[in-house]
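Notes follow the structure.
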Amino acid sequence: MSRYDPATLEPKWQKAWDEAGTFLAQRSEDKPKYYVLEMFPYPSGRIHIGHVRNYTMGDVIARYKLSTGHNVLHPMGWDAFGMPAENAAMDNGGHPADWTYQNIDTMRGQMKPLGLSIDWSREFATCDPEYYGQQQALFIDFLKAGLIDRKNATVNWDPVDMTVLANEQVIDGKGWRSGAEVERRELTQWFFKISDFSEELLEALDGLDDWPAKVKLMQANWIGRSRGLEFAFGMVEPTHGHDRVEVYTTRPDTLLGASFIGISPDHPIAKELEAHDPKVAAFCAEARRGGTTEEALEKAEKLGFDTGLKCRHPFDTSWELPIYIANFILMDYGTGAIFGCPAHDQRDLDFARKYGLPVTSTFVPLSGDHTLPEDGGEAFVPPKSDKVRWTLPFNWDEEATGEAAIDAAIAFCESKGVGHGVTKFRLRDWGLSRQRYWGCPIPVVHCETCGVVPEKKENLPVELPKDVSFDIPGNPLDRHPTWRDCACPSCGAPAKRETDTMDTFVDSSWYFARFTAPRAETPTDMAEAEYWMNVDQYIGGIEHAILHLLYSRFFARAMHITGHLPEKSKEPFNALFTQGMVTHAIYQTRDENGRPVYHFPEDVDLRDGKAFLSDGTEAEIIPSAKMSKSKKNVVDPVAIISQYGADTARWFVLSDSPPERDVEWTASGAEAANKHLARVWRLASEIAEATTPAGAEDEALLREMHKTIQDVTNGVESFGFNAAIAKLYAFTNTLAKSRAGAEARKTAAKTLAQLMSPMTPHLAEEIWSLLGGEGLIANAPWPVADEAMLVEDTVTLPIQVNGKRRSEITVAKDLSKEEVEKIALADDAVQKALDGGAPKKVIVVPGRIVNVVV
RNA sequence: GCGGGCGUGAUGGAAUUGGUAGACAUAUCGGACUUAAAAUCCGUGGGCCGUAUGGCCGUGUGGGUUCGAGUCCCACCGCCCGCACCA
């Protein structure tokens, strides 16, 4: 007998699918459609095992939906703009486009052997001018619809390289290449007005029933709706034309605990002072040091500068509060000014202690030991829903929750004419400008007479020039000799092109819509979008829970407003699944200085759970670490496929862990997966030649088969791939041991192949054809469990005594509670526990359990 | 720092969502087949006590709710994801 040989059978079936056009998405009204999409990859150069897992999951769904009678759309493309291509050009020369397209070719070549059911005819890369030209058309439509704005934003400025840095290029507050201290600088930028949709994006989360609750919660917190008070502190002495400081606070109830006013270094008052006072200028320069991330701001040492200016408290004009410039206040938030209440905010308390400012509690706990912050305790910050005792209420009960107090405080302030209650959102507008070459050019022109003018649509795409160099920092578009110069689309006079390009999040915010009509002359084709949208199942990493998904939700709305998507697509992803990573053990030794040295898995021998190098040295095993090239704990899918075949890789990445969690890649696990597939192949080959007559064991096998159909179907439907695979293992064991007749075993083996076909499609096709299945298994209708074969007439119930399992009974399935109780109480173990007495209580959960309390 | 999540045998994990903890798989050990090895097949497989029937303990740690907790609540510890210019 020949053996399981994926190296010949996998290409054979891939060719068969190709020739039959099995996975070309077909629009037809006679079948329901199903659109399954995995987040498309960045073309980094090689696929990694995480891609294999991600795309295999999508493939299982796609193939399952195909066999349940759907027109399936399962496309693939490339998120191809971005910094790595420019960094490669800087480091090694060459052009970002060449680097990117070569990587795409490599990765496509690595992906195709996986046998994914992808409609490759729809493939595109976001750096194709055909794609980004349509993106420019969208930009122009958004601009005309008032969905885009221009204003200032803070960026990381590298004063040595004279360039804007991405957050990831700022390491410990220093530029990654220059090592210079980064400073925060303001620049005029383009913005999508996503904050206009804050309320809607928040409210609509409720309708996303098939999204993970945690993702919806993260988005809700990110959008961050808050109710607060906007009001002004009058200044004791006006300065440079300013006589008041506008603040927004979510805790107006603590207004009587106010201690100081804090303003951003970029606040208009701070800027005035900076221009006139070198000491203020020095402080502001110091305060602007470091990166722009929220994390950096929160973790930085809190610094303040006493301006000497004072404000009056709105409730008591004799009460004067000092105005500090503080480095932790961002101009982008609220009004760029706050009042500090040290008793009820730890950051304000640290600040107050550092600068010797007063601390006044406005409420204390209802009971228990409490050291007041004025006496050296921590800031008291209970949840707003907790009741506390107020020592300084204005118009509410002494015992009230923070929530009630805030509402009462807003009402009180409004009645006194001190400000007004407002609802604000944390969500900021989406700054899309990037001072980089390798992105979609922003299609506008700056004209001296006409101002900012959008490019004419017939001139799209505004293509990136090819003749650029990356030998000096900064954006090559800025210094390109001719590309910048153009004619104003409005008046025809000489003008300058915008040299900023778009954030790569823009590219990925509508690619799912483009897949429905990837060659259309407009961004989308409404008929195609009507048919294929929405994405029925979207699959990707949890790291995209907020930004990518929120931006896509905004884009879908904006595309609807501008007539590029139907109403129903305002929420473009019906269901979302976030999968875990693939991890791998790290093998580590130490050099003479105690520094870690890492070793590739293929250079390590595993014996008795220990790892040894070729020279016999034992290496430490660090399990389940995120794969990283520097730690050398990577496995190359290409090597796995050539060693075991794609089906083994696919089977393994699905088998060991629930899809939403991380899975640990182990050599022994991959080996075992391969052995199992070889066993299934052997089993099917034997069954193909079997001639045993029908017999008494047929029914037991078929019953088990129907149960397996049910379990595997449920598993696939609910993303329980690992559980489905466990059932398939169990059923393979049953089939291997079965003495049923040849016909029953053939039926069982064909069904087994069908149930395995979404995971191991090549092996499944091979078995299907071996056992005389009709056509391709990929097109065969999914097996349906026969309800009659699932019914059991008896059930085994565990008997607990005081919650501990002591015995079990087997009873008729529909036996009454009273009868079950009677049988349970008669059980030896129960009798022994009762010791002649009567039970205190008997709990009978039908079909589940009996618990006797003694 | 803030927001979100995760934690079960030597290992990856299962558990019908509050009802028999450890399915399925890996490592290990034992056996069959073989001159031998590989492959394959059968068995063992949380800890402790016991020849065994069985008993006690056990889901990161500590507490709580419940007839019953891996599952719910509170606190703590550890790890992971995100924090708006990485993709």
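Naming convention: chains lettered A, B, ... in sequence-line order (proteins, then strands); numbering from 1 in each chain. These numbers come from a predicted model, not from an experiment.
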Kindly give the atom pairs (protein nitrogen or oxygen, nucleotide nitrogen or oxygen) under 3.5 Å for nucleotides 4-7 of chain B.
residue : atom : partner  : partner atom : Å
B:G7    : OP1  : A:Arg661 : NH2          : 3.4

A:Thr499: what forms a side chain to side chain donor-acceptor pair (under 3.5 Å) with it, not counting sequence neighbours? A:Asp478

Does A:Arg434 come within less than 4.0 Å of A:Asp503, counting only side-chain N to carboxylate O? yes

Phosphate-side-chain proximity, A:Asn733 and B:A25, N/O vs OP1/OP2 below 4.0 Å: yes

For A:Arg177, give me all partners under salt bridge (charged side-chain N to carboxylate O under 4.0 Å, His left out), at least two apart in sequence or on another chain. A:Asp91

Nearest-nucleotide 5' precedence on RNA chain B, A:Ala726 against A:Thr293: A:Ala726

Look at A:Arg428 and B:A84 and indicate whether a side-chain polar atom (N or O) is within less than 4.0 Å of OP1 or OP2. no

Side chain A:Gln169 and base B:C85 donor-acceptor under 3.5 Å: no

Holding to side chain to side chain donor-acceptor pair (under 3.5 Å), I want the full list of residues that pass it with A:Asn722, two or more places apart in sequence or in another chain. none

With sequence neighbours excluded, what pairs up with A:Ala85 under the side chain to side chain contact (heavy atoms under 4.5 Å, CB included) test? A:Tyr42, A:Pro96, A:Trp99, A:Thr100, A:Trp438

Report the residues that fulfil salt bridge (charged side-chain N to carboxylate O under 4.0 Å, His left out) with A:Arg150, sequence neighbours left out, ordered by chain and then residue number. none

Could you go over nucleotides 64-72 of chain B and give all protein N or O partners under 3.5 Å, atom names and distances?
residue : atom : partner  : partner atom : Å
B:C67   : O2'  : A:Asn851 : ND2          : 3.3
B:C67   : O2   : A:Asn851 : ND2          : 2.5

Partner set under salt bridge (charged side-chain N to carboxylate O under 4.0 Å, His left out) for A:Lys424, not counting sequence neighbours: A:Glu230

Examine the base of B:C83 for any acceptor or donor lying under 3.5 Å from a partner atom in the side chain of A:Glu543, and report the outcome as yes or no. no

Can you tell whether the side chains of A:Glu686 and A:Arg682 come within less than 4.0 Å, N to carboxylate O? no

Would you say a side-chain N or O of A:Arg806 is under 4.0 Å from OP1 or OP2 of B:C56? yes

Filtered N/O pairs between nucleotides 76-79 of chain B and protein, under 3.5 Å:
none

Is there a side-chain polar atom (N or O) of A:Asn722 under 4.0 Å from OP1 or OP2 of B:A14? yes

Assigned chi class of B:G7 under the 90° convention is anti

Quick one: is B:U17 close enough that its OP1 or OP2 comes under 4.0 Å of any side-chain N or O from A:Arg848? yes

Closest to the A:Glu168 side chain: B:A87, B:C85, B:C86? B:C86

What I want to check is whether an N or O donor and acceptor connect the side chain of A:Glu295 with the base of B:C83 at under 3.5 Å. yes

A:Ser655 side chain N/O closer than 4.0 Å to the phosphate oxygens (OP1, OP2) of B:A25? no

Find out whether the Lys NZ or Arg CZ of A:Arg184 is both under 6.0 angstrom from the six-membered ring centre of A:Trp157 and within 45° of the ring's axis. no

Sequence neighbours excluded, the answer for salt bridge (charged side-chain N to carboxylate O under 4.0 Å, His left out) partners of A:Arg553 is A:Glu571

State whether A:Arg3 places a side-chain N or O below 4.0 Å from either non-bridging phosphate oxygen (OP1 or OP2) of B:A39. no

Applying side chain to side chain donor-acceptor pair (under 3.5 Å) to A:Ser178 and not counting sequence neighbours gives A:Asp158

For residues 838-854 of chain A, the side chain to side chain donor-acceptor pair (under 3.5 Å) pairs (sequence neighbours left out) are none

